[in-house]
Amino acid sequence: MKRVQSNFFRSLFLGILSYLAVWILLYVLSNNHAIPSPIVTGIKMWDIKELLGLHIIASSLRIFIALLLAVLVGLPIGILLSMFPKSDRLLSPLLYFLYPLPKVAFLPIFMLFWGLGNFSKILLLFSIIVLQVIILVRDGAKTIPENYQRIMTNFQASIWQQIRYLILPAIFPNILASLRVSIGIALASLFFAENYATDYGLGYLILSAWTKMDYPEMFAGIFCIALLGFILFRVIDSLERFSY
Amino acid sequence: MKRVQSNFFRSLFLGILSYLAVWILLYVLSNNHAIPSPIVTGIKMWDIKELLGLHIIASSLRIFIALLLAVLVGLPIGILLSMFPKSDRLLSPLLYFLYPLPKVAFLPIFMLFWGLGNFSKILLLFSIIVLQVIILVRDGAKTIPENYQRIMTNFQASIWQQIRYLILPAIFPNILASLRVSIGIALASLFFAENYATDYGLGYLILSAWTKMDYPEMFAGIFCIALLGFILFRVIDSLERFSY
Amino acid sequence: MSIIIKNLNFIYEKNQIFQNTDFQFDDNKIYTLLGPSGIGKSTLFDLLTGFKKPQSGTVDYQNVQRSEILTVFQNNQIFPWLTVSEALALPLKINKVSKGQTGSRVKRLLKQFGLEALAHKRPHALSGGQLQRVAIAQGLTLDPKFLLLDEPTSSLDQEAKEEIQDRLIEEQHTRKSTMIIITHDIEEAAYLGQEIILVTNQRLQKIANPTFNKNNRRQALEFYEFCIQLRKQVRQL
Amino acid sequence: MSIIIKNLNFIYEKNQIFQNTDFQFDDNKIYTLLGPSGIGKSTLFDLLTGFKKPQSGTVDYQNVQRSEILTVFQNNQIFPWLTVSEALALPLKINKVSKGQTGSRVKRLLKQFGLEALAHKRPHALSGGQLQRVAIAQGLTLDPKFLLLDEPTSSLDQEAKEEIQDRLIEEQHTRKSTMIIITHDIEEAAYLGQEIILVTNQRLQKIANPTFNKNNRRQALEFYEFCIQLRKQVRQL
Amino acid sequence: ACGTQESNEATPAAKDEDKVTGETIKFGVLPAESAIPIILANEKGFFEEEGTKVDIESFSSPNDRNVAIQSKALDGTISDVMTEATFKQNETDMTITSGILEDFKVLASPQSGITEMKGLADKKVTLVPNFILEYIMDVFAEEQGFTYEVVDIPSFATRSEALLKGEVDAAVYTEPQASMLAEQGAVILGSSKTSGINGGTIQFMDSILEERPQDIQAFYTAYNKAIDYMNQHEASEYADILSEYQFPDAMSTYLDTQEENYPHAQAVDQDQFNEIIEWTKNKEQINQVYSYDELTDFSYLEE
Ligand SMILES: Nc1ncnc2c1ncn2[C@@H]1O[C@H](COP(=O)(O)OP(=O)(O)OP(=O)(O)O)[C@@H](O)[C@H]1O
Ligand SMILES: Nc1ncnc2c1ncn2[C@@H]1O[C@H](COP(=O)(O)OP(=O)(O)OP(=O)(O)O)[C@@H](O)[C@H]1O
Ligand SMILES: [Mg+2]
Ligand SMILES: [Mg+2]
């Protein structure tokens, strides 16, 4: 446990350091007000720390719920598609059509059905993530060696048992990979999900700071997204221990 | 060959059909002007077919170049990270920080350095995709059985040979998966990359139709993105044949 | 209780493995299968369990369920994420055996197969022979009426081999089940087989029916004579 | 030309495999290693190739490069994406052998190992014994000074086994290389081994040095007597 | 498809008798000067005094707002004449009930060296085509007799970077962004307010106008109270409210430099309206000409 923690802080430190290095480089290279100095941004962050906390909490909650829903829905679908090639042949054309759609263009639909509140924001995030999860889980489950399936058939495992004892442990690394991708996309999408009718959320913070041309505030928000992402990523990395 | 083709058309047909079904369902359910009927949209598409073609070509080219660059850069980096755990420990914190950033927020920076032209658009797409590729390739290469590494060591393969004869074939399915994810994201990001200073591109088409509230045109653009995505996905599926 | 093969035809692409093959495996017996490498012994097992479907002909179960037939595969596949005791518990879990029973059964098998010290190891940390013993033990956790073993002792030293052979005979005896064992070891075929079958010529062929005294065969001269004779017989075909 | 083990200690977690072990493998010889399952034979191979590092002690190469030592692993691992002929060509490609030479060498090996009909098959479509022959052939594509074979004939029928054994003897003879062969088959150990080593007690121990006539041993009574004696010797330890 | 006209005339009659319902009015705003009276009315309790309740939903892009309107997620919004006409064409029935406070400025980029409107002849101007920004630019261009090239950059922030970096020669902006850009070196070439160009509007859904006209009246009473408040107080006094709504400091600075009093909510000029509709039709943004009476009803404004 202690080792894991010290690892976490070491890599957090490394992450922040290299992030700052890139930032300073850009700052010096661009010499433009659109890229504020890390120091000015740091001071800004300190000034609005309570507010920042609220923004972070609001965004984290939305992301967390959306991720949870996406895994709850996407995981079973992905597994089913991999187990029943027929269903895959039937459904994957639709998936392939829906996947590349810019979900943000469907805001009207989300608003129409679910209003302006949190629910439609979470659903927007969900709709972006869930297809990723489905496709990565499906692709992962497809690479399970045929031999392994044979063992389960040998023991006359029911479908549910095959999922429980073979597929879930076998695709655990794929689930982690799909979570990584999903978190990245979810965080980047906050930016669109939170650009209407909200008072809290990092996406909202960044966007409104941008409109105000308050670049230090904007970069404070961006840094928080990066930090939030980093922490979520490390949490996922630490789950790798449960992988074989 | 013939089988593959007929398969393609079968699934294209299925895809369009189910896509239309979802669309019609939404159309009927919402009964709102923001979701035009497929027929009206179809007529619109026919009316602007030449223009639509140009939009598709412009977007495809941008996506293609960005994807190519992302694979050329991301594949080697991902492989190196997987081969040298030290480099992974050093670099992954930065990756984890950069990955979740909303790249669109850096548009001003891209513009600053590379102007309003195609180059900055492609670079924006590239910056969105390349981190996906790196992380999915790395995660994929990490799951190569230790036994396989042993065989290569046994034959005293150089690093380059290990990549050529073991890692590339072994992670081929992962490369395909990362391409799928990347294409999805790239197409969805067109929407942002093409939202400035351009005359052609599906993202531009959708956005300008949206501001004009010309919903049939908007949905024509969305349909084209979906179709483009579908075709790219099927191309990738067909590459699966080269997988073991 | 029997598995009856009738007029079986099986072809891989252009490679005819069985042609109009008939055979019947009865209950309460150990069959040993001999035959050159690549002739179709493992394929036969897949046909018996229904994992592969013949192009024509039938495999009928009489008074036996598919779920009462179990294979121990040639490659000793154990899921890489399971420890030895988890691997032994898996078939029991799947068959919804109670926790208590599972625990005691796993314990007994670990002991019988000398795997106690390895209970918490994963497959990658096992030697070839250890893995093979785990695979056999896994096949014995349930009480299959028909147990198909594909070269179950190929990676074992002589002593371990003999131990496992006796273990198998005892298990068969107490359970009154049927075992079908593929082996390349003539002595093993002779020692274990109540019927010895040769797989060749796209057919199954009974070639011997050892009748010597069951106890202490390994010391009996009679046994070695039989082996030498069997070896000659196999070679001639 | 030799590999010299000095004062070797190797421990897996709490499991001591070798303790202050000394041994020397010389050139132009076939060694066979006998020993109970799980004693550390495969581990010894990993130590000889440097794939595993001893906790203390040394493995020294004298007049031999690491690149001239090759292992044929116990599990016959062949990359699932390669066909048989691609698998045989792989080590040659890695060693930058010219295309023409690679082609003819692969062809010869396919013929010698009776794999011609399987040249374009992938591993999943091979039988256990076929896979094993591919693995051995793969080990022979290059001309290693030391070839380490880990139970190379465990999945082969008697006839194929004898063929491979003779193949190995011939290869060793023409190349004047050294082979170290792990086996559980006493006859194999006696037939192939110019020196027979028992792995046990965390030590390597020469137990026999068969000196009977090299030709036609399989027909010689002398050979079988030797085997019986060897078996007893192994069992006693 | 065209909207029904009878509703416009029917509603005002009933409005005096009914009591203000107190139900919420969902009102969409963008972060611009026009939103300030509404924000103040809300924060200073003027809406409450009138017995009504307003939920201010703020949007960062006109697209999102339009979508919300068409999804019937809002009861009223700030936009402009051409947006209203487009809504109508898209069968979203709303009626313009007043104009708004607004001041659009044409800004030249610092690098361009342009100091007067004429200098923009054949230059690149970034704006959102088909809407009020282009209309204003067109009016200026026509007055001065030149043509210019439109560079379409919908994203607001990207537009300002393009301007400051000199990627484009000019841009059209509303307050407070115009002042901010001016602070950073952009040159103000003209102002819609001083040139008397007005296109911005407040409109409500026909359904709410029909069902709760008294609420809308109350809305305007409070709105005017807020205007009075703005006239009586320095902007710096309510600067913290503005910053809570994510307005930059430049907003209060700009407000304080205004010499004239802000006007109460007022009707949109009919000639101006017709010109805008004509322009919008010419842009093929709408395919029919809407009349003043069809789209407006200013009877909710107290005399
Ligand atoms: N999936 C497959 N596709 C095509 N041919 C196959 C496939 N599996 C096996 N074969 C071929 O079928 C033949 C029989 O294979 P099988 O595994 O049954 O042999 P076996 O008798 O078990 O041999 P061994 O003793 O070597 O294990 C072999 O020649 C093999 O090459
Ligand atoms: N990676 C590992 N971690 C821990 N223990 C291991 C590991 N690999 C092997 N062992 C243990 O070390 C011992 C020696 O293993 P090894 O594979 O060398 O045996 P072996 O002599 O080759 O046996 P066999 O004849 O069964 O192949 C075994 O008891 C095994 O459980
Ligand atoms: Mg077999
Ligand atoms: Mg071993």
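Just so it is clear: chains get the letters A, B, ... in the order the sequence lines come, proteins before strands, and each one is counted from 1.
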Next on the checklist: Can you tell me which portion of B:D237 sits under 4.5 Å from chain A's heavy atoms? Options are side chain, backbone, both or neither.
Outcome noted: side chain
Checklist entry - Considering all heavy atoms of both residues, which atom of A:V181 and which atom of B:Y99 are nearest to each other, and what is their separation? => result CA-OH, 3.1 Å
Item to check | Interface moiety of A:R89 toward chain B, non-hydrogen atoms closer than 4.5 Å | outcome: both
Checklist outcome for this item: Rounded to the nearest 0.5 angstrom, the CG-NZ distance for B:L176 and A:K142 is 10.5 Å
Checklist entry - Does any heavy atom of chain A fall under 4.5 Å from the side chain of B:I35, the backbone, both, or neither of them? => result side chain
Next on the checklist: Out of B:I183, B:I185, B:T143, B:L131, return the one with the most heavy atom pairs under 4.5 angstrom to chain A.
Outcome noted: B:I185
Checklist entry - How close do B:I225 and A:P100 get, heavy atom to heavy atom, and via which atoms? => result CG2-O, 3.6 Å
Item to check | Portion of A:L227 that has a non-hydrogen atom of chain B nearer than 4.5 angstrom | outcome: both
Checklist entry - Considering only heavy atoms, which portion of B:L228 lies under 4.5 Å from any heavy atom of chain A: side chain, backbone, both, or neither? => result neither
Checklist outcome for this item: Cut-off 4.5 Å, heavy atoms of chain B, and the answer for A:L94 is both
Checklist entry - Which bit of A:L95 is near chain B, if near means a heavy-atom gap under 4.5 Å: side chain, backbone, both or neither? => result neither
Checklist entry - Roughly how far apart are A:Q132 CD and B:R180 CZ, rounded to 0.5 Å? => result 12.5 Å
Checklist entry - Heavy-atom distance under 4.5 Å to chain A: side chain of B:L14, backbone, both or neither? => result both
Checklist outcome for this item: So, the part of B:I135 with a heavy atom under 4.5 Å from chain A: the answer is side chain
Checklist entry - Among A:Y19, A:F13, A:F233, A:W23, whose ring-ring contact (aromatic ring centres under 6.0 Å, His included) with B:F97 holds? => result A:Y19
Next on the checklist: For B:F219, which atoms come within 4.5 Å of any heavy atom of chain A: side chain, backbone, both, or neither?
Outcome noted: side chain
